[in-house]
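Report on the following structure.
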Amino acid sequence: VSDLPARVDVAIVGAGFAGAATARALARRGVRALVLEREAEIGRYASGRSAGLGRQLCEDDATTALAVRGAQLLRETPAWSPTGGILSFDRDAHADEYAARAERFGIAVERVDRAAVLQRWPALYGLPIAAALVAPSDGTIDVAALLAWLAADIEIARGVAVERVEPSGGGARVTTTRGTIDARVVVDAAGAWAGAIVGDAPLDTYKRHVFVLDGAVPSRSPWLWHLGDDEVYVRGDDGRTLTSPCDAAPCAPGDQQPDADGEAAIRARLRVAAPATERLTIRRAWACQRAFTPDRAMRLGRDRDRAWLVHAIGLGGHGATAALAVGERAADAVVAALA
Ligand SMILES: Cc1cc2nc3c(=O)[nH]c(=O)nc-3n(C[C@H](O)[C@H](O)[C@H](O)COP(=O)(O)OP(=O)(O)OC[C@H]3O[C@@H](n4cnc5c(N)ncnc54)[C@H](O)[C@@H]3O)c2cc1C
């Protein structure tokens, strides 16, 4: 987009998974939207830095519903690989809770013991595994492919930062670094910056590191996500192993510099989980924020008081898997707001 239009039906702030998926779902509903992205490239923040685990069973039912639907839609895109996933637990009761959730959502899982997990990930013999669930319908997401697929059929104005959004004539006036746009509906999909442009409280943002390793923990499939006090995940990545200590240090939006605390965290985790970590070689490291609402539920839908505003925010740690379901929910809310 070279010249910004003076007026649009729908302006979406942010071209991460939330904003891009909303625009794509709107296109499918016959509604044109303009996505405004501050950066010159898409995927500069969380969406381009996700670890790509397509995990359907989450900590709560509301998030699980979105992840299950998101995975269903992802299977029809080139971004999904049906690798399966393993969730392991340091407490039996925690595994029971997840098994019950799997049943509620119709997700087939096989309960296996520690030995079965170690057959797939033998280096991780230090993990305190009480029980595990194998979910064959989980997968792995190629995040670059997903962003490219989402961006293909939508209109994105790159390098346009939204400075503020104010009510105006039944809709809203969107002030950007490249001019002003009047929109009937505005979607806040600003990720870690959500709320800022519409005068709402900021989300809680936490920095998480991801590392790509050589050696100590040979790459295997399906991926393994260990839930508990020593939370850690591992998945194969082109013959190397991608891993995260699942760290969550409170930090300001935009800080994505890998730091010494993150590296210390993965070394400490793997010292316990894979006691052969002296050989651990870090090939790549990155970090980014995960953004949460105060109750940790994704906020998707129309604002209670402002008829022109739709939220697609607080995707937390499951926004890659849930992306296309987030888009559906937000797009339905936009259609209702336009009616
Ligand atoms: C390290 C890490 C690993 C993860 N791993 C997984 C995983 O394995 N599986 C999974 O399902 N999820 C994972 N996630 C979660 C997932 O990546 C996020 O939930 C998701 O990417 C959030 O998408 P978003 O669109 O809300 O935010 P973002 O991707 O941050 O997009 C927001 C966009 O808004 C733009 N923006 C902000 N303010 C403005 C403004 N004023 N004007 C214009 N543009 C603006 C930003 O530039 C940005 O591009 C991970 C997250 C992190 C950080």
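For the single chain, residues carry numbers from 1 onward in sequence order. Order of listing sets the numbers, starting from 1, for every ligand and every atom in it.
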among protein heavy atoms, the one nearest atom 34 (O) of ligand 1 is Gly14 CA, 3.2 Å
Atom 43 (C) of ligand 1: closest protein heavy atom, distance to 0.1 Å, is Arg38 N, 3.2 Å
Practice prompt. Check whether more than 12 heavy atoms from other residues, nucleotides or ligands sit under 6.0 Å from atom CG of Asp92, and answer yes or no.
Written response: yes
Asp188 and His311: CA distance, side-chain angles, deciding distance, side chain to side chain donor-acceptor pair (under 3.5 Å) verdict
CA-CA 5 Å; Asp188 184 357; His311 303 280; 4.8 Å; no
Working for side chain to side chain donor-acceptor pair (under 3.5 Å), residues Asp60 and Thr63: CA-CA 6 Å; Asp60 58 74; Thr63 311; 2.8 Å; yes
The atoms of ligand 1 lying under 4.0 Å from a heavy atom of Cys288, numbered in the order shown, are 53 (C)
Worksheet item: Is Arg7 atom CZ crowded by more than 12 heavy atoms from other residues, nucleotides or ligands, each under 6.0 Å away?
Response: no
The protein heavy atom nearest to atom 27 (O) of ligand 1 is Gly191 CA, 3.4 Å
Does Asp295 have more than 12 heavy atoms from other residues, nucleotides or ligands lying within 6.0 Å of its CG? yes
Check: How are the rings of Trp225 and Trp223 set to each other: parallel, tilted or perpendicular (split at 30° and 60°)?
Finding: perpendicular
Here the gap from Arg164 atom CZ to Thr180 atom OG1, rounded to the nearest 0.5 Å, amounts to 7.5 Å
Counting from 1 in the order shown, the ligand 1 atoms closer than 4.0 Å to a non-hydrogen atom of Ala18 are 25 (O), 26 (O)
inquiry  = Using a plain distance cutoff, I'd like to know if Gly317 has any nitrogen or oxygen under 3.5 Å from a nitrogen or oxygen of ligand 1.
reply    = yes
Ligand 1 atoms nearer than 4.0 angstrom to some heavy atom of Val210 are 1 (C)
Item checked: Note: Arg32-Glu155 ion pair, threshold 4.0 Å (strictly below) -> yes
- request: Please indicate whether any nitrogen or oxygen in Gly319 is less than 3.5 Å from any nitrogen or oxygen in ligand 1.
  value: yes
ask   = So with a 6.0 Å cut-off around CZ of Arg28, is the heavy-atom count from everything else above 12?
value = no
### Query
Within less than 4.0 angstrom of ligand 1, does Val160 place any heavy atom?
yes
Exercise for the section: May I ask you to check whether Ile141 has an N/O atom sitting below 3.5 Å from an N/O atom of ligand 1? Expected result: no
Restricting to heavy atoms, the pick from Ala189, Ala51, Ala21, Gly70 nearest atom 32 (C) of ligand 1 would be Ala189
Give yes or no for whether the N/O distance cutoff of 3.5 Å, strictly under, is met between Ala312 and ligand 1. no
Residue, atom and distance of the protein heavy atom nearest atom 8 (O) of ligand 1 read Leu53 N, 2.9 Å
Short version for His209: what comes under 4.0 Å of ligand 1, heavy atoms counted, is neither
Check your understanding: More than 12 heavy atoms of other residues, nucleotides or ligands under 6.0 Å from CD of Glu103: is that the case?
Key -> no
Looking at Phe89, is Arg91 sitting on its ring face, NZ or CZ under 6.0 Å from the six-membered ring centre and within 45 degrees of the normal?
no
Q.
If you measure every N or O of Tyr45 against every N or O of ligand 1, does any of those distances drop under 3.5 Å?
A. no
Polar proximity ligand 1 side, Glu37 side, N/O cut 3.5 Å exclusive = yes
- Query: Can you find an N/O atom of Gln289 closer than 3.5 Å to an N/O atom of ligand 1?
  - Reply: no
Nearest non-hydrogen protein atom to atom 42 (N) of ligand 1, with distance, is Val162 N, 2.9 Å
Note: ligand 1 atoms sitting under 4.0 Å from heavy atoms of Arg290 are 51 (C), 52 (C), 53 (C)
Ligand 1 atoms nearer than 4.0 angstrom to some heavy atom of Glu39 are 47 (O)
Q) Does NZ or CZ of Arg24 come closer than 6.0 Å to the centre of the six-membered ring of Trp149, within 45° of the ring's axis? A) yes
Atoms of ligand 1 under 4.0 Å from any heavy atom of Gly16, numbered from 1 in the order shown, are 25 (O), 29 (O), 31 (O), 33 (C)
Margin query: Heavy-atom count check: over 12 atoms from other residues, nucleotides or ligands less than 6.0 Å from Arg75 CZ?
Written below: yes
Counting from 1 in the order shown, the ligand 1 atoms closer than 4.0 Å to a non-hydrogen atom of Ile197 are 41 (N)
For Glu41 and Glu37, the nearest pair of non-hydrogen atoms, with its separation, is O-CG, 4.4 Å
the protein heavy atom lying closest to atom 2 (C) of ligand 1 turns out to be Arg49 O, 3.7 Å
Item to check | Test of proximity, Ala161 against ligand 1: N or O pairs below 3.5 Å | outcome: no
When distances are taken from atom 24 (P) of ligand 1, the protein heavy atom at minimum range is Ser47 OG, 3.9 Å
One finds that the ligand 1 atoms under 4.0 Å from a non-hydrogen atom of Val13 are 40 (C), 42 (N), 43 (C)
Would you say ligand 1 has an N or O under 3.5 Å from any N or O of Phe17?
-> yes
Out of Ala15, Pro253, Ser50, the nearest non-hydrogen contact to atom 6 (C) of ligand 1 is supplied by Ser50
All heavy atoms of Arg220 vs all of Arg120, minimum pair found to be CG-O, 2.6 Å
- Answer yes or no: does an N/O atom from Gly316 fall short of 3.5 Å to an N/O atom of ligand 1? yes
One should read off an interatomic distance between Arg104 CZ and Thr64 OG1, to the nearest 0.5 angstrom, of 8.0 Å
